> 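Sharing a structure, written as C-alpha cells. Questions coming.
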Amino acid sequence: MEYNFRETEKKWQEYWAKHKTFRADNNSSKPKYYVLDMFPYPSGAGLHVGHPLGYIASDIVARFKRLKGFNVLHPMGYDSFGLPAEQYAIQTGQHPAVTTENNIRRYREQMDKIGFSFDWEREVRTSDPGFYKWTQWIFLKLFNSWYNPETDKAEPIEKLIQKFERQKSKVTVGASEKLWGDCSEKERSDLLMNYRLAYLSEAWVNWCPQLGTVLANEEVKDGVSERGGYPVERKLMPQWSLRITAYAERLLNDLDTIDWSEAIKEQQRNWIGKSEGSSLRFQIADPPAGQAGSKLQIEVFTTRPDTVYGVTFLTLAPENELVQQITTAEQKQKVETYVNYAKNRSERERQADVKKVTGEFTGAYAIHPFTSAKVPIWIGDYVLAGYGTGAVMGVPAHDSRDFAFAKEFGLEIKKVIAPNDKALEKEECFDTYDGYAVNSELINGLQVKDAIKKIIGEIEKRGLGKGKVQYRLRDAIFGRQRYWGEPIPIYYENGIPKPVDEKDLPVVLPEIDKYLPTETGEPPLARAKDWKYKGKYEYEKTTMPGWAGSSWYYLRYMDPKNEKEFASRDAINYWQNVDLYIGGAEHATGHLLYVRFWTKFLRDLNYIPVDEPAKKLINQGMIQGVSERILMVTDKSIVEHFREHFQNQLPKQIDSTIFVTPELVNRSYNIFVGQIRTVDDIDFDDRFKGKLTLINVDINVTSGRGSDADWVSIDVAKFIKSRPEFSEAFFLCRDGYWHAGKFYGNGEGKFITIPAVEKMSKSKFNVVTPDDICDQYGTDCLRLYEMFLGPLEQSKPWNTNGISGVSNFIRKLWRLYHSPFEGPKDSLGGGPSRSDGGDVSPLEGGMSRSDKGDVFNVSDAAPSKQELKVLHKTIKKVQDDIDRFSFNTSVSNFMICVNELTELKCNKRAILEPLAIVISPYAPHIAEELWSRLGHKESITFAQWPEYKAEYTVENSFNYPVSFNGKTRFFTELDLALSKEQVEKEVLALEQTQKYLEGKAPKKIIVVHNKIVNIVV
RNA sequence: GCCUGGGUGGUGGAACUGGUAGACACGCAGGACUUAAAAUCCUGUGGCACUCAAAUGCCGUACGGGUUCAAGUCCCGUCCCGGGUACCA
C-alpha cells in the first residue's frame, strides 16, 4: 500500500499540538540550546516558499538537538508593526490591527502545515501592548541614560546630572556659559539632550509636504515620492534619534567575537566606517566688508593630513552654517541660488548624479595654516553636511573628488606626494598611500604613513586641530510620522519633553478616524481625541520605526508572559543568548546592527549577562521567483535557432492559454538583448545582435483570480484574432525551465517569452506559496525538497523539477518498513513479527490496510555487518552535515541509505529503529508514524540519537586506485593492514603495473594509506 | 569604483584538511509489466575518437600561467555572474 501522507501528517500535527510536545522548559537540568528564526512581517501575500527554507533548516537543528539531549528553545512570532498594513488601512479604512490579525492567522495556518517544532506558547507579536510595553520601557531606559566615555558604557543620566551639580566649571548652553545650578529647566533639558541615548534634535530629513511625512531614503526617487510622485525636499526637523554612534567602536570590535559570515561582518564594518585622521582649522582671511568674519574659522576632517601642503581650496557643504557668514556681497546671489538648488536635490538624486560636479565660489578666502597662502573657499554638494565637519580641504592632486572639482572650476592643482612606483609619476591624480611627501617643508621625503604621524603631531603642537577617529555610522532616526507603530512614551510639559512614568506603560496606541496626517501636517496620532498624559499633557505624536520591536524580541521569548519584567532574571541567566540565528542577509546593516546595539545597552545596565544577541548566524539564500516576459523576435533565423534547440521538447498538444504577468500588459517594458543571457542554455552570438526587438504588446486581460490575483491569463486565440500579423506567432513559454514550453503556430514565429528570475514579491507577481506542495506531495516532501535544492546559504530560483525524486524517496522509505519481504525462515524473531500498525499508534485511526503490501515488516533478527555499516555510515554523515549546516547532502545520504538497505532487503529492527530517529529531524511526520509502528508509545522527538560506532564502518581492505603520473589507470583491492612498503611491492607485482611501466623503472612511488597509489615514471 | 560570494554534465548540485571529478536527484534514451495510460521496476547517460564486441585512448571543473608525485581544491593574472555599498574627505 502507498504511504498516505495526508492522514499521517495531519495526525501527528494534531498529536504534537495536543501533547504540547515542543514546549520548552525554563527549569531544566539539560543543557540549553536556543535556535531562532528571524520572525516574519505578516504580509497580505502569505508565506511564500522562500520563508520556510530557513525555518525548515532551524527546525532540523532544533529537532536534532532535542535528540541529542538538549533543552531546546525554538520559538516563533510576528514582526507585526509596519508600513504595508498602514498603507492598506489608508486605502480601505480597515484598522491595521484587523488586517494584521488576519494575516497572522494565515501565516500560522501555513506554518502549522509544515510541522515546525515551535513552542507556540511563547509566541510574541511586536504590536501587542503586552510586548510593546517593554519596547517602550527600553526606550525610557535609553532616554534616561548617557554614554560615559570614561567607563566606556551606558550609565543612568542621574550620574551625569550629579557630575554637573558637583562641578564648579560652567556648562555651555546655546551661546552662553553658565553654572548648572543657574540653568532653567528648559536649558537643562536641552543640555541633557546632547547626552541622552534617545534624544530629540534637529536633523535633515526627506520631507514630503503633500504626504505630510518624512520619507526614508529608499522611498524617494528622483526627488519625488515613490508613492504619488510628490516633490520631496530636505528639511531640518526635530527628530527622535538613538545614539548608536556611542557604540560604534564596540559594535566594530565585538564582530571578532561572533561566528557570523564574513560577508555580514564586513558589511557591518563598512557601515560603521571607521576612519582615522585629523581635524584641522583654517582661519578666514580678510573678512568681507561689513562682516565680522575675521574670528571665523573652518574646521575640516581629513584622513590624509600628509597632503596638507597640497591644499588649494576648501569646500563647504551647502548646508554648512558658515556659508551665510562668509559669502561676499558680490557672490551672495549666486551662492543663494546654488544653496537652494542643492537643498532641493534629494540625497538619492545627489548620489545618482555622482559624476555631475556642481559648486559655487563664496568669494571668501582662508589662510593656509602652514604656508599662510590664501586659498579660496567654495561650496559644493559633493561635501556632505552629515559627515565629519561638513567641510573638506581640497587636495586635487591626491584626491579624485577634489581633482574633479578643481578641473571643473579651473582651480590650482599642486602635487605634494610622489609615488614610490616611478611609472605612476605621470598620473594627474595620485590618491594611494604608496608614496612619499614632496614640496612639503616639514615632512619632505617621508613615506605617507610616517608623514601622517609627524604632521598630526605638528598640528596638535600648534593647536590647529588633533588626531581624530571618525565614523561613517550615523545616529539612527527613531521617529516616524506614522500610525502603525509603538507610541514613543514621551509627553510635553511647557514644551519640555519628559518621560512617561514606567508604571504608566504601555502607552497604548489610540484609535483614530483616518490613518493620515492632519490637515496641518501633524502625524496621524494628532487625530486621536482626548489622548493626553494624565489628562493634560500632550504626548509625543511620532511612533517608533519598524526595527524597534525586533531589536530585543529574542529576549522576550525567554519569558514571554512576564508582566513585571521584560524577562525574569532566571530565564535570562538560563537561556543567555541565541545559539543559532537563521535569517536573510538583507538585514545585515539594519536589524542585525540594531539588535547588537540594544543588547550591548541592556548589558551595560546589567539587565542581561551577554554582549551579543547571537553566537552563530546563518543567512539562508533567497528563493527567487520566476516570471514570464514576452520578447518580440523579428528575425527568422533566431526563431529557427530556438526551434532547433528545443526540437525534442515540443509538446504534443497545444494549450490555448498563455500566462503573462499583469505588469507586462499594456505597458512598454524593456528587455535588452543582453538580458537574454538569462536563458543559460542558449548561446546567443553576434548574429542576433540588433535583431531582437521589443514591441509594445497590448493584450486584453480576460481573466484574473479576483482582486488578489497574482496572475492573469490571456486567451491567445483571441489575441491572434485581434492581431492577425501574429497569426503565425511562435510562443515559447517557460515555467521555470524551457522543456515545459508551449508553441503556437507552425513555423516562423515571432514571439517568445523569456523568464525573469527575481526576488519573490507580491509586486512582481511571482510568489509561490508552500501550500500547493504540501497538498500535493506532503509536508515531509516539501521539507526534504527545500533542503535538497542546494546549499542553504545559496540563492536559487524556485522550481519543482526535482520534487518527484524526493517524493519517490519517501515512498521507498515507507516500503522499506512495509514491503512483504520474507524474513529468514529460521530467524530468531521470526519473519514479519509486527504485522499491524493500527494498534500501536498513539492515536486511533492509523493507516488502513488496503492490500497485501500493507504489512509492517520488521524482524528482531540480528543485523548483518553490511546493514550495520550502512546505518552507521549514515549516522555519521548526517550528524556531521547538521553540524556544518549542509542539509542538502544529508538528504542525498538518506536516499543512498534507503537504496542500499532496500537492496539488502533489510528489515531488522536494530537498523530500522535508529534510521527512523536519524531521519526524524528532516521528515518528522513519517518518522513518527514509523516509530509508533515500531511499538513506541512516546513521540520520537525525545528519542535518543543513535551513537555512531566507528567499528561498524571500518574496512579491512581498500580498492586502491593506481595512477601513473597522476592519471588513474586501474584499481586493486589491498589489505589495509599492509605497510607502505608491502603495498608498493604488491602493486609492482601486478601485471597491469608492468604494462603501464613499459619496461621502465619507476622513479618514485607514492602510497597514501587508504587513498591512492601513484607511480611516477 | 570598493567590499563580498560564486563560475563543475542537458538541469539542481556532490567531492570535508590537495589524493578515483560528476555522489544523490531531475531530465532524456532504451527495455520490462500493461489492451492502453499512469504508477513501478531494470539498463544506459560528461565530451570526442576507435571498435562487431570486450576493451582502450584523448580531452574535460570560466580562461591563461605557476607550485606539486598529484590541483575543482593552493598561488599569480584575466574574464564573467549574483549580492551589498557608494561623492564618508
Side-chain angles (χ1 to χ4, degrees), chain A residues 2 261-267 269-271 273-275 277 300-304 307 315 350-357 380-384 386-395 399-402 404-405 431 470-474 585-586 588-589 619 621-622 624 645 648-649 677-678 680-681 736-739 757 785 788-791 793-797 799-806 808-809 811 815 877 880-881 884 886 888-889 891-896 899 959-971 1002-1006 1008 1010-1017:
Chain A
E2 285 297 308
S261 78
E262 207 42 49
I264 295 280
K265 290 202 217 174
E266 200 55 32
Q267 273 184 59
R269 284 188 196 108
N270 290 341
W271 192 258
K274 181 178 181 174
S275 59
V300 300
F301 172 75
T302 177
T303 53
R304 294 294 303 271
T307 64
T315 313
R350 271 165 84 152
Q351 287 159 8
D353 243 0
V354 167
K355 282 187 191 104
K356 195 166 149 196
V357 180
D381 70 357
Y382 81 97
V383 179
L384 303 178
Y387 184 76
T389 58
V392 301
M393 58 183 214
V395 187
D399 182 289
S400 53
R401 294 151 307 180
D402 295 343
F405 195 78
D431 58 3
Q470 188 75 44
Y471 298 92
R472 198 187 81 111
L473 183 71
R474 289 185 232 183
E586 66 272 21
T589 53
N619 301 112
M622 220 162 39
Q624 295 140 321
H645 229 273
N648 45 21
Q649 293 169 11
R677 298 180 62 100
T678 56
D680 30 31
D681 43 3
Y737 287 90
W738 286 101
H739 48 75
V757 177
Y785 184 62
F788 191 57
L789 223 44
E793 302 192 58
Q794 200 172 300
S795 287
K796 50 230 154 192
N799 73 74
T800 52
N801 289 344
I803 203 160
S804 62
V806 174
N808 285 342
F809 161 73
R811 280 199 290 266
R815 258 181 272 128
K877 183 76 178 128
D880 287 354
D881 283 346
R884 61 192 175 105
S886 172
N888 54 329
T889 48
V891 180
S892 297
N893 265 279
F894 292 140
M895 290 174 175
I896 294 169
N899 285 345
N959 197 19
Y960 278 96
V962 180
S963 56
F964 293 80
N965 293 334
K967 269 181 195 160
T968 308
R969 295 301 181 177
F970 61 89
F971 295 87
K1003 282 184 189 144
K1004 196 175 174 186
I1005 301 174
I1006 289 119
V1008 183
N1010 209 5
K1011 282 266 164 68
I1012 199 168
V1013 176
N1014 190 19
I1015 300 172
V1016 187
V1017 186

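Note that the structure is predicted; figures quoted are calculated from it, not measured. So that the names make sense, note that chain A is the first sequence line, chain B the second, and so on, each numbered from 1.
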> Is R969(A) close enough to G57(B) that one of its side-chain N or O atoms is under 4.0 Å from OP1 or OP2 there?
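For G57(B), OP1/OP2 do have a side-chain N/O of R969(A) under 4.0 Å.
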> Which atoms of nucleotides 82-84 of chain B (N or O only) lie under 3.5 Å from a protein N or O atom, and what are those distances?
unit_1	atom_1	unit_2	atom_2	d
G84(B)	O2'	Q267(A)	OE1	2.9

> Please determine, for U78(B), whether a Watson-Crick or G-U wobble partner exists with both distances under 3.5 Å, and give it or none.
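WC or wobble partner is A62(B).
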> Taking only side-chain nitrogens and oxygens of N808(A), does any of them come within less than 4.0 Å of OP1 or OP2 of U40(B)?
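Checking N808(A) against U40(B): at least one side-chain N or O falls below 4.0 Å of OP1 or OP2.
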> Students often get this wrong, so: under 4.0 angstrom with heavy atoms, is N959(A) touching a base, only sugar-phosphate, or nothing?
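Nothing, no heavy atom under 4.0 Å.
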> Nearest whole Å is fine: how far is A89(B) P from D399(A) CG?
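So the two atoms are 9 Å apart, to the nearest Å.
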> Find the distance N965(A):CG to A70(B):P and express it as a whole number of Å.
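It works out to 8 Å between those atoms.
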> Which of these nucleotides, G13(B), G19(B), A86(B), is closest to any side-chain atom of R472(A)?
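Nucleotide nearest to R472(A)'s side chain: A86(B).
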> Look at the side chain of M895(A) and decide which nucleotide, out of C24(B), U85(B), A89(B), has an atom nearest to it.
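Selected nucleotide: C24(B).
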> Minimum heavy-atom separation for T968(A) and P961(A), please, with both atom names.
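What the structure gives for the nearest pair is CG2-CB, 3.8 Å.
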> Looking across every strand, which nucleic acid part, if any, lies under 4.0 Å from F894(A) by heavy atom: base, sugar-phosphate, or nothing?
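The residue F894(A) makes no contact with any strand.
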> Can any side-chain N or O of N1014(A) pair as donor or acceptor with the backbone N or O of G966(A) at less than 3.5 Å?
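Yes: the side chain of N1014(A) pairs with the backbone of G966(A).
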> Among C87(B), G13(B), C69(B), which nucleotide sits nearest the side chain of P791(A)?
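Looking only at heavy atoms from C-beta outward on P791(A), the closest nucleotide is G13(B).
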> Mind checking if S804(A) touches a base, just sugar-phosphate, or nothing, with heavy atoms under 4.0 Å?
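Since only primed, P, OP1 and OP2 atoms lie under 4.0 Å of S804(A), the category is sugar-phosphate.
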> According to the Watson-Crick and G-U wobble definitions, with both distances under 3.5 Å, which nucleotide is paired to U17(B)?
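Paired with no nucleotide.
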> Give none if G30(B) has no partner; otherwise give the nucleotide forming a Watson-Crick or G-U wobble pair with it, both distances under 3.5 Å.
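Paired with C42(B).
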> Do V1016(A) and N965(A) have side chains that approach each other closer than 4.5 Å (heavy atoms only, starting at C-beta)?
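Yes, at least one pair of side-chain atoms sits under 4.5 Å.
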> Pick the C1' atom in A25(B) and in C52(B), then give their distance to the nearest Å.
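To the nearest whole Å, 36 Å.
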> Of the options A23(B), A89(B), C87(B), whose atoms approach the side-chain atoms of T303(A) most closely?
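Of the options given, the side chain of T303(A) lies nearest A89(B).
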> With nearest nucleotides of RNA chain B determined for G388(A) and W271(A) from heavy-atom distances, which residue corresponds to the more 5′ nucleotide?
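This one resolves to W271(A).
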> Which part of the nucleic acid, if any, lies within contact of D402(A), taking any heavy atom under 4.0 Å across all strands shown: a base, the sugar-phosphate backbone alone, or nothing?
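Answer is nothing: D402(A) stays at 4.0 Å or more from every strand.
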> What is the distance, to the nearest angstrom, from the NZ atom on K1011(A) to the P atom on U68(B)?
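The distance from NZ of K1011(A) to P of U68(B) comes to 21 Å, rounded to the nearest Å.
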> Decide yes or no for L473(A) and K274(A): does some side-chain heavy atom of the first lie under 4.5 Å from some side-chain heavy atom of the second?
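They are not in side-chain contact.
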> Mind checking if F788(A) touches a base, just sugar-phosphate, or nothing, with heavy atoms under 4.0 Å?
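The residue F788(A) makes base contact.
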> Where the side chain of R472(A) meets the backbone of N270(A), is there a donor-acceptor pair that is under 3.5 Å apart?
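Such a contact is found between R472(A) side chain and N270(A) backbone.
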> Please confirm whether the backbone N or O of Q794(A) pairs with a side-chain atom of K796(A), one donor and one acceptor, at under 3.5 Å?
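Yes, because the side chain of K796(A) sits within donor-acceptor range (under 3.5 Å) of the backbone of Q794(A).
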> Applying a 4.0 Å non-hydrogen cut-off, can you work out what Q794(A) is touching in the nucleic acid: base, sugar-phosphate, or nothing?
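Q794(A): backbone/sugar contact only, no base atoms under 4.0 Å.
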> Say we look at G65(B) and G46(B): how far apart would their P atoms be, to the nearest angstrom?
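28 Å, rounded to whole Å.
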> Touch check for N888(A), heavy atoms < 4.0 angstrom, all strands: base, sugar-phosphate only, or nothing?
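Answer is sugar-phosphate: N888(A) comes under 4.0 Å of backbone atoms only.
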> P atom, G47(B) versus G9(B): distance in rounded Å?
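That atom pair is separated by 12 Å.
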> Under the ring-ring contact (aromatic ring centres under 6.0 Å, His included) test, which residues partner F301(A), sequence neighbours left out?
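Here no residue qualifies.
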> Using atom C1' in both nucleotides, what's the gap between A23(B) and U45(B) to the nearest angstrom?
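It comes out at 15 Å once rounded to the nearest Å.
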> Expressed as a whole number of Å, how far does the P atom of U51(B) sit from that of U43(B)?
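About 29 Å, rounded to a whole number of Å.
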> Looking at A14(B), C24(B), G19(B), which one has an atom nearest to any side-chain atom of S892(A)?
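Among A14(B), C24(B), G19(B), the one nearest the side chain of S892(A) is C24(B).
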> Might you point out which heavy atoms bring Q267(A) and T589(A) nearest each other, and give the distance in Å?
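Smallest heavy-atom distance, with atoms named: O-CG2, 3.8 Å.
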> Check every atom of C41(B), G13(B), C87(B) against the side chain of R815(A) and return the nucleotide holding the closest atom.
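Of all the options, the side chain of R815(A) is nearest to C41(B).
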> Considering Watson-Crick and G-U wobble pairs with both distances under 3.5 Å, what does U56(B) pair with?
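When the pairing criteria are applied, A49(B) turns out to be the nucleotide that pairs with U56(B).
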> Give none if A89(B) has no partner; otherwise give the nucleotide forming a Watson-Crick or G-U wobble pair with it, both distances under 3.5 Å.
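WC or wobble partner does not exist here.
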> Is G9(B) in the syn or the anti form, by the rule that syn lies within 90° of 0?
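Here G9(B) takes the syn form, which means its glycosidic angle is within 90° of 0.
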> Using a heavy-atom cut-off of under 4.0 Å over every strand shown, decide if V1008(A) touches base, sugar-phosphate, or nothing.
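Base contact - V1008(A) has a heavy atom under 4.0 Å of at least one base atom.
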> Measuring only the C1' atom in each nucleotide, how far is U11(B) from U17(B)? A whole number of Å is fine.
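After rounding to an integer number of Å, I get 31 Å for this pair.
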> What interatomic distance, in whole Å, is found between P of U8(B) and the corresponding atom of A14(B)?
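Taking atom P in both A14(B) and U8(B), they lie 11 Å apart.
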> Looking only at the side chain of V383(A) (C-beta and beyond, no hydrogens), which of the listed nucleotides A89(B), A15(B), G19(B) gets closest?
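The listed nucleotide nearest to V383(A)'s side chain is A89(B).
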> Would you say U40(B) has OP1 or OP2 under 4.0 Å from some side-chain N or O of R811(A)?
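Checking U40(B) against R811(A), a side-chain N or O does come within under 4.0 Å of OP1 or OP2.
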> Any side-chain heavy atom of N893(A) sitting closer than 4.5 Å to one from V891(A)?
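They are not in contact (no side-chain heavy atoms under 4.5 Å apart), so the answer is no.
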> Is any side-chain N or O of K967(A) closer than 4.0 Å to OP1 or OP2 of C59(B)?
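For C59(B), OP1/OP2 do have a side-chain N/O of K967(A) under 4.0 Å.
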> Could you tell me whether I1006(A) contacts a base, only the sugar-phosphate backbone, or nothing, with contacts defined as non-hydrogen atoms closer than 4.0 Å?
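Base contact.
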> For G18(B) versus G10(B), give the span between their P atoms, rounded off to a whole number of Å.
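Per the computed distance, 29 Å lies between those P atoms.
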> Is S963(A) close enough to G19(B) that one of its side-chain N or O atoms is under 4.0 Å from OP1 or OP2 there?
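No, because none of the side-chain N or O atoms of S963(A) sits under 4.0 Å from OP1 or OP2 of G19(B).
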> Could you check L473(A) against A263(A) and say which one's nearest nucleotide on RNA chain B is further toward the 5' end?
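On the 5' side of the pair lies A263(A).
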> According to a strict under-4.0 Å criterion, is N1014(A) in side-chain N/O contact with OP1 or OP2 of U68(B)?
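Answer no for this pair, as no side-chain N or O of N1014(A) is under 4.0 Å from OP1 or OP2.
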> Between A89(B) and Y387(A), is there an OP1 or OP2 to side-chain N/O distance shorter than 4.0 Å?
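Looking at the OP1 and OP2 atoms of A89(B), one of them is under 4.0 Å from a side-chain N or O of Y387(A).
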> Would K877(A) and D881(A) pass as an ion pair if we require N to O under 4.0 Å?
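Yes, charged N to carboxylate O under 4.0 Å.
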> For U35(B), give its Watson-Crick or G-U wobble partner with both distances under 3.5 Å, or none.
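Base partner found: none.
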> Does G12(B) have a Watson-Crick or wobble mate here (both distances under 3.5 Å), and if so which one?
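By the stated definition (distances under 3.5 Å), C24(B) pairs with G12(B).
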> On a heavy-atom basis, which atom in I1012(A) and which in S963(A) lie closest, and how many Å separate them?
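What the structure gives for the nearest pair is CD1-OG, 4.0 Å.
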